[in-house]
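One structure coming up, written as structure tokens, with questions to follow.
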Amino acid sequence: MHKFPPFYVIGTVGMIVTAGLHVLITLVLGQSGAHPVFFSLYPVFIAFLAIGTKQLLTPVRLRSRR
């Protein structure tokens, strides 16, 4: 199984949890004042996801056996 970089996992889980809480608090509880908090959390987890994606796509260099 492929091991994902930690920043990729943090970004993915953070985005899913943040989006779920945003929907729950806004639609179910009717708290429209929560938008600024969530709009400040999204860029943080997008940054984690971007760093993790770069680590995921960067090839690992193997040492040559000489």
Parallel, tilted or perpendicular, as decided by the 30° and 60° cut-offs, for the rings of His22 and His35: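 The arrangement is perpendicular - the two ring planes meet at more than 60°.
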Group every Ile, Leu, Val, Met, Phe, Trp and Tyr by side-chain heavy-atom contacts under 4.5 Å, then state whether Val44 and Ile16 land in the same group.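 No.
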Consider only side-chain heavy atoms of I, L, V, M, F, W and Y, link residues closer than 4.5 Å, and tell whether Leu49 and Leu57 are in one cluster.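 As far as the 4.5 Å side-chain criterion goes, Leu57 and Leu49 are not connected within one cluster.
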Decide yes or no for Phe48 and Val9: does some side-chain heavy atom of the first lie under 4.5 Å from some side-chain heavy atom of the second?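 No, side chains not in contact.
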Report yes or no: does Ser40 contribute a side-chain atom to a donor-acceptor pair with the main-chain N or O of Val37 at less than 3.5 Å?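 Looks like yes, one N/O pair under 3.5 Å.
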Under 4.5 Å between any side-chain heavy atoms of Tyr8 and Pro5, yes or no?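 A side-chain contact under 4.5 Å exists here.
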Applying the 4.5 Å side-chain criterion to the ILVMFWY set and letting contacts propagate, would Val23 and Ile25 be lumped into a single cluster?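 Result: no, two separate clusters.
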Same apolar cluster (I L V M F W Y, side chains within < 4.5 Å links), Val17/Leu29: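 Hydrophobic grouping puts Val17 with Leu29.
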Inter-residue atom distance Phe45.CZ - Phe38.CZ, 0.5 Å rounding: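 Output value for this atom pair is 10.5 Å.
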To the nearest 0.5 Å, what is the distance between CG on Leu41 and CD1 on Ile46?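 Result: 11.0 Å between the selected atoms.
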Does the side chain of Phe4 come within less than 4.5 Å of Gln55's, by heavy atoms?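 No; the side chains remain at least 4.5 Å from each other.
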Using 0.5 Å steps for rounding, measure from the CD atom of Gln31 to the CG atom of Leu24.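 Rounded to the nearest 0.5 Å, the CD-CG separation comes out at 11.0 Å.
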